[in-house]
Amino acid sequence: MGSRLPFLIGLSIAGSAGVTVIQADARNSAAPPSTVVQRTAVVGALPANLPNPTLSGRIRLKIDVPNLSPEQSRPWFDQFSWQSFIALNWPADANHRGKPLEPDNPNILKNPPAGSVTVWGSYKEAFELFGQGNQPPTPWDSYVIPNPPCKEANGRTKLLLMVNKGGTLLDGVNQALSFPLIDQFKNYAWTEVRFDKAQYEFIRSRRLYLVKILASSQPIVMPASRPPATLGSIMLKATWRPMTAMDDKSRYYTVDAMLYDPSTQKCESTQMGLVGFHIVHKLEQFPEWIWSSFEHVDNVERGPGAHPNTPISFNNGSPTPVTTGGWANRPTQKAPPLLPVDQRVPVQVTRFNPIPSTPSGASTQDLNGIYQALLRDTVLRNYQLVITQWPTTPASFTTKESGGIYPQDCGQPFPIDSCVNVVLETYFQSKSDASGAGGNSCMSCHYTAGKSDFSWVLQRRSH
């Protein structure tokens with residue numbers, strides 16, 4: 001992480017989108033003073049009983065949401081998403097995968113140890129479960145990869161093996177049951193899927209990475225988080241793009257990664273910038289999972305504070321080509337080999353579904369303003385929550401295979417649809433485009449994999 005994640009926590013933060021001033025105040029909290037912010041002047045309808053934002057490396061295990069309508073409840077779920085994003089991007093203990101380093105000490109955020117990675121960056125990658133052939137996956141704490149695709153890499157090197165988030169590991173180039181994504185510099189976007197300890201060991205110990213075992217074990221129920229201290233299943237999906245000489249790298253969380261090209265079966269070391277991030281967390285309170293999705297603010301337009309010459313990653317800054325359903329210039333090729341650079345055409349991406357602006361004064365846009373202000377001197381200020389989706393009646397669940405119908409048999413999600421990340425589901429932003437893929441939301445798509453507890457990874461990558 002080092003200088004690439006330059007955290008600095010301030011004591012007074014000029015707010016926006018519903019907050020005029022935010023000041024550090026720990027009088028009503030057991031957390032250290034500089035990890036809690038107290039709203040002192042509020043404009044709009046931000047709920048007074050919404051917990052104060054905190055800078056903490058502790059992942060929340062439940063949501064203390066009042067008995068309100070789904071729309072009025074949104075701030076509690078959006079705050080859960082933001083607190084999860086902060087905790088997962090906390091520096092990790094170098095000796096223990098998935099463990100935050102001094103989670104209550106803000107100085108660790110200000111000055112992370114040289115070479116440290118984030119908590120989520122220390123999670124196991126999907127390839128370690130599903131890409132080992134006849135070799136069983138290694139235990140959680142092991143950094144050994146029996147069948148490494150990049151011989152140049154060691155067990156702690158970040159490997160990016162896919163330019164998709166669905167399909168097979170080494171030969172897929174399609175994005176989320178669809179097509180690849182090419183940025184404005186004619187580079188492919190790359191995706192990885194990671195599991196926390198609870199989910200990884202659940203799959204590994206039961207050998208669910210094998211088709212024959214998975215088929216005889218469904219429906220499956222993965223471990224869930226519950227208070228006071230049980231951390232259940234968390235799955236993460238991250239999309240990266242190569243950094244170029246034109247990019248302002250200080251605006252991105254960056255890593256050095258080995259890219260595996262399935263066309264040449266060779267690996268290349270490249271600096272990558274994070275552009276999209278899904279968090280999927282199973283709570284005992286919400287067994288259909290909580291679905292949170294973040295994007296970099298410069299994906300389709302220049303984000304707050306950007307220099308006028310800062311490149312937009314997936315939009316050329318003009319109204320042409322005209323987009324339909326949030327995209328234009330979609331690649332026609334759906335399989336390897338990857339196209340050579342001179343044959344690639346940048347995809348023009350626009351946001352088809354606005355970031356929620358309700359409830360008034362306490363919307364997703366408003367919470368983004370609060371947390372971006374809190375993180376103003378960190379690279380995380382350049383990311384935004386685009387959607388949180390959750391089950392509003394979590395006891396009402398019947399798998400599609402057993403005759404269930406979305407949304408009523410999927411916990412009645414809120415929102416029902418239009419929950420899409422522009423770089424993870426570029427071509428499924430509209431209902432019409434997504435009609436063949438289960439719908440244009442996380443829960444509608446993954447409901448069709450309900451027998452494996454919403455996991456398309458298990459369905460598509462077991463061998």
Side-chain angles (χ1 to χ4, degrees), residues 1-2 4-5 7 56-61 83-105 108-109 112-132 135-150 153-162 169 191-209 222-226 229-238 240 253-258 272 274 277-283 292 380 455 457-458 461:
M1 214 156 52
R4 293 178 186 161
L5 198 55
F7 289 97
S56 171
R58 299 189 185 278
I59 297 173
R60 293 189 176 182
L61 306 176
Q83 295 290 168
S84 299
F85 183 72
I86 291 171
L88 288 164
N89 281 283
W90 201 270
D93 186 327
N95 298 316
H96 300 282
R97 282 185 183 269
K99 181 180 179 181
L101 184 65
E102 300 185 42
D104 299 317
N105 181 4
I108 296 297
L109 291 179
S116 64
V117 299
T118 59
V119 167
W120 75 269
S122 72
Y123 285 2
K124 287 274 200 177
E125 215 278 334
F127 178 75
E128 298 181 67
L129 268 178
F130 303 104
Q132 301 311 303
Q135 295 289 330
T138 56
W140 172 258
D141 288 325
S142 174
Y143 284 89
V144 174
I145 301 177
N147 295 304
C150 299
N154 60 48
R156 294 177 183 266
T157 303
K158 179 179 283 293
L159 303 176
L160 294 177
L161 310 173
M162 304 181 296
L169 281 170
T191 295
E192 63 177 331
V193 177
R194 290 185 177 265
F195 305 99
D196 77 336
K197 183 177 182 178
Q199 189 170 10
Y200 179 87
E201 288 293 2
F202 178 87
I203 296 171
R204 186 188 75 88
S205 64
R206 289 162 177 77
R207 302 172 68 206
L208 296 175
Y209 51 86
M222 296 187 193
S225 291
R226 65 180 184 275
T230 299
L231 183 61
S233 301
I234 299 177
M235 183 171 67
L236 305 168
K237 300 176 183 178
W240 307 81
Y253 171 53
T254 63
V255 297
D256 292 326
M258 298 295 296
M272 307 293 286
L274 183 68
F277 195 61
H278 277 337
I279 306 169
V280 192
H281 188 175
K282 185 180 180 72
L283 304 184
S292 311
L380 297 185
S455 177
V457 174
L458 278 176
R461 296 181 186 167

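Hydrogens, waters and symmetry mates play no part in the numbers below; they use all other heavy atoms, side chains included.
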Donor-acceptor contact below 3.5 Å, side chain Gln132 vs main chain Phe127 | yes
Arg461 charged N/C atom sitting above Phe130 aromatic ring, 6.0 Å / 45° = no
Between Glu192 and Lys158, is the closest basic N to carboxylate O distance under 4.0 Å?
-> yes
Derivation of the side-chain contact (heavy atoms from CB on, under 4.5 Å) call for Ile279 and Leu88 | CA-CA 9 Å; Ile279 306 169; Leu88 288 164; 3.8 Å; yes
In terms of ring plane angle, is the pair Tyr253 and Trp120 parallel, tilted or perpendicular, where the classes change at 30° and 60°?
-> perpendicular
Under the side-chain contact (heavy atoms from CB on, under 4.5 Å) criterion, do Leu458 and Leu208 qualify, and how do the steps go?
-> CA-CA 7 Å; Leu458 278 176; Leu208 296 175; 4.1 Å; yes
Quick one: CZ on Arg58 to CD on Gln83, what's the gap to the nearest 0.5 Å?
-> 13.0 Å
Test item: Glu125 side-chain N/O and Val193 main-chain N/O as donor-acceptor pair under 3.5 Å | yes
Between Ser56 and Ile86, which heavy-atom pair has the shortest distance, and what is it?
-> O-CG2, 3.8 Å
Mind running side chain to side chain donor-acceptor pair (under 3.5 Å) on Lys99 and Ser122 for me, showing each step along the way?
-> CA-CA 8 Å; Lys99 181 180 179 181; Ser122 72; over 6 Å; no
Exercise: identify the closest heavy-atom pair between Asp104 and Trp90 | N-CZ2, 4.4 Å
Main-chain N/O of Tyr123 paired with Arg194 side-chain donor or acceptor, under 3.5 Å | yes
Hey, could you give me the CE/OG distance between Met235 and Ser455, rounded to the nearest 0.5 Å?
-> 5.0 Å
At their closest point, which heavy atom of Pro100 faces which heavy atom of Gly57, and how far apart are they?
-> CG-O, 3.4 Å
Counting only N and O atoms by type, is there a donor-acceptor contact under 3.5 Å from the side chain of Ser225 to the main-chain atoms of Leu231?
-> no
OG (Ser233) and CZ (Phe202) are apart, to the nearest 0.5 Å, by 7.5 Å
Considering all heavy atoms of both residues, which atom of Arg156 and which atom of Ala94 are nearest to each other, and what is their separation?
-> NH1-O, 3.5 Å
Can you tell me how far CZ of Arg204 sits from NZ of Lys197, rounded to the nearest 0.5 angstrom?
-> 10.0 Å
Under 4.5 Å between any side-chain heavy atoms of Tyr143 and Thr138, yes or no?
-> no
To the nearest 0.5 Å, atom NE2 of His281 lies from atom CG of Leu61 at 6.0 Å
Does a salt bridge link Asp196 with Lys124, judged by any charged N lying under 4.0 Å from a carboxylate O?
-> no
Of the non-hydrogen atoms in Pro137 and Tyr200, which two are nearest, and what is the gap between them?
-> CB-OH, 3.5 Å
Step by step, would you call Val255 with Trp240 a side-chain contact (heavy atoms from CB on, under 4.5 Å)?
-> CA-CA 9 Å; Val255 297; Trp240 307 81; 3.5 Å; yes
Hey, are the side chains of Pro149 and Leu159 touching, using non-hydrogen atoms and a 4.5 Å cut-off?
-> yes
Identify, with sequence neighbours excluded, every residue that meets salt bridge (charged side-chain N to carboxylate O under 4.0 Å, His left out) alongside Arg97.
-> Glu128
Gap between atom OG1 of Thr230 and atom CG of Leu283 - 0.5 Å precision = 12.0 Å
Might you work through the side-chain contact (heavy atoms from CB on, under 4.5 Å) test for Phe195 and Ile234, ending with a clear yes or no?
-> CA-CA 6 Å; Phe195 305 99; Ile234 299 177; over 6 Å; no
